[in-house]
Asks: 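First the structure, then my questions, so here it is.
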Amino acid sequence: MSPDGAGPEAVRTHRYRGPVPELPEVETVRRQLEALLPGATVTGARAHPSPKFAEAPRAAGHRIDAVDRRGKYLLLGLTPATGTTAPAGTGAERELVVHLGMTGGLHVDSASSSGTGPPRAADPYERASWDLDDGRRLWFRDVRRFGRIAVVPAGDHRGLPTLHHLGPEPFDPELDAAGFHRALQGSRRRIKTLLLSQRPIAGVGNIYADEALWRAGIHPGARRVGLERAGRLLGHLREVLAESLDHGGTTLRDYRAPDGAPGDNQRRLDCYGRGGRPCHRCGATLAARALDQRTTTWCPRCQRN
DNA sequence: ACTGTAACCTGCAGGC
DNA sequence: TGCCTGCAGGTTACAG
């Protein structure tokens, strides 16, 4: 660990550990699942006993009608599948909420893969699975168990505080500099910490927070940001998220090819993980330090407090 | 109501 | 070689 974060001896090499799902990755998953799941009915389910996953079986007996996303949360719309007599819109709809956490992933096994070939060894990191009426299986794998599964009445997110108080989607056309500035002004916390809270804007994680603050020239520890700088930050947040989304298709492994190439996970980053290395803009040595217990990288020259 | 802190969890890297 | 320690991350519970 570096004593002062300055000087060449403070170099910390960034070790890539695999895709941490942030908004672009979650949106990519959503698009893939949207092509696979709607219309399928959940006939059975099981889950790891941890309360983080134990609600998964409550999706059984429901048809998946939609695959939506809010921030980093996947929202699968469910309708009771018991008989066709129930009129639509009776209010019994549920929602399967999935947060991928750090290491979570959703997978769809094709019907054919379950019938032929040798039986697959049980995956020790499987946390929940749902049988579909067409023979396929949807399952959730999460090594570190930072993910979360909930089945709630549609739209009732009281049990998930962050989702309940989630800020606007980054690309919501109604979100503008003035509104973003107002949201930032409502808190005295550090701007970086505030972004990670998901309240001013949804879907921003550690990587994109550092990148956008670097581009905007805003110190991550700032507790006040003016209107103009807030507008610039919003623009840069949209930029980094959109750029990542453009590469999202190559970020994820193909579900159906478990042995497939991991794909190109390289992401061009100017700031995150580059502590001790020269700033791409001014050449100063980037600082890396824990800010509110979250690793934060910034340029002490470009990003003044 | 708000703010800050610890906990959750496990593979991996680095030090000795 | 192998054990031990610390780190990474988003969210939540809890204390002040």
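In what follows, chains are A, B, ... by sequence order, proteins preceding strands, each numbered from 1.
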Asks: For A:Ile191 and B:dG4, what is the distance between atoms CD1 and C1' respectively, to the nearest whole Å?
Replies: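 Spelled out: CD1 on A:Ile191 to C1' on B:dG4 is 17 Å.
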
Asks: Using whole Å, report how far CG of A:Asn206 lies from P of C:dC7.
Replies: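 After rounding, the reported distance stands at 15 Å.
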
Asks: Return no unless some side-chain N or O of A:Ser187 is found under 4.0 Å from OP1 or OP2 of B:dT3.
Replies: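 Answer yes for this pair, as a side-chain N or O of A:Ser187 is under 4.0 Å from OP1 or OP2.
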
Asks: Can you check the A:Arg188 CZ to B:dT3 P distance for me, whole Å?
Replies: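 In whole Å, B:dT3 P lies 8 Å from A:Arg188 CZ.
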
Asks: Identify whether any heavy atom of A:Gly205 sits under 4.0 Å from a base atom; if not, whether one sits that close to sugar-phosphate; answer base, sugar-phosphate or nothing.
Replies: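 Here A:Gly205 touches the backbone only, sparing every base.
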
Asks: Under a 4.0 Å threshold between the charged nitrogen and the carboxylate oxygen, would A:Glu211 count as salt-bridged to A:Arg215?
Replies: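 Here A:Arg215 does not pair with A:Glu211 in a salt bridge, since their nearest N and O are not under 4.0 Å apart.
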
Asks: How does protein reach along nucleotides 11-16 of chain C, written 5' to 3' as B (base within reach of a heavy atom under 4.0 Å), S (only sugar-phosphate), or - (no contact)?
Replies: BS----

Asks: For a side-chain contact (heavy atoms from CB on, under 4.5 Å) with A:Trp130, tell me which candidate from A:Leu106, A:Leu37, A:Thr43, A:Ile64 qualifies.
Replies: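 Of the listed residues A:Leu106, A:Leu37, A:Thr43, A:Ile64, the side-chain contact (heavy atoms from CB on, under 4.5 Å) partner of A:Trp130 is A:Leu106.
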
Asks: Would A:Arg46 pass as a cation-pi partner of A:Trp139, given that its NZ or CZ must be under 6.0 Å from the six-membered ring centre and within 45 degrees of the axis?
Replies: no

Asks: In whole Å, I'd like the distance from the CZ atom of A:Arg199 to the C1' atom of B:dG4.
Replies: 15 Å

Asks: Counting only heavy atoms from other residues, nucleotides and ligands, does the tally under 6.0 Å from CZ of A:Arg224 exceed 12?
Replies: no

Asks: Going by atom types only, do A:His219 and A:Arg190 share a side-chain donor-acceptor pair under 3.5 Å?
Replies: no

Asks: Rounded to whole Å, how long is the line connecting atom CG of A:Asp142 with atom P of B:dC8?
Replies: 16 Å

Asks: If the cut-off is 4.0 Å, is A:Tyr125 near the phosphate of B:dG11, judged by side-chain N/O to OP1 or OP2?
Replies: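 It does, given that an N or O in the side chain of A:Tyr125 lies less than 4.0 Å from OP1 or OP2 of B:dG11.
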
Asks: Rounding to a whole Å, what distance do you find between A:Arg145:CZ and B:dC9:C1'?
Replies: 7 Å

Asks: Which Ile, Leu, Val, Met, Phe, Trp or Tyr residues join A:Leu166 in one cluster when any pair of side-chain heavy atoms under 4.5 Å counts as a link?
Replies: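 A:Leu166 clusters with A:Tyr73, A:Leu75, A:Val97, A:Val152, A:Leu160, A:Leu163.
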
Asks: Of A:Arg127 and A:Arg190, whose closest DNA chain B nucleotide lies nearer the 5' terminus?
Replies: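 Taking each residue's closest nucleotide, the earlier one in sequence belongs to A:Arg190.
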
Asks: Between A:Gln198 and A:His165, do the side chains contain a donor N or O and an acceptor N or O under 3.5 Å apart?
Replies: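 Side chains of A:His165 and A:Gln198: no pair found under 3.5 Å.
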
Asks: Measure NZ/A:Lys192 against C1'/B:dG4 and give the value in whole Å, please.
Replies: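 From A:Lys192 NZ to B:dG4 C1': 16 Å.
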
Asks: Rounded to whole angstroms, how far apart are CE on A:Met102 and C1' on C:dC7?
Replies: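 Rounded to the whole Å, the gap is 10 Å.
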
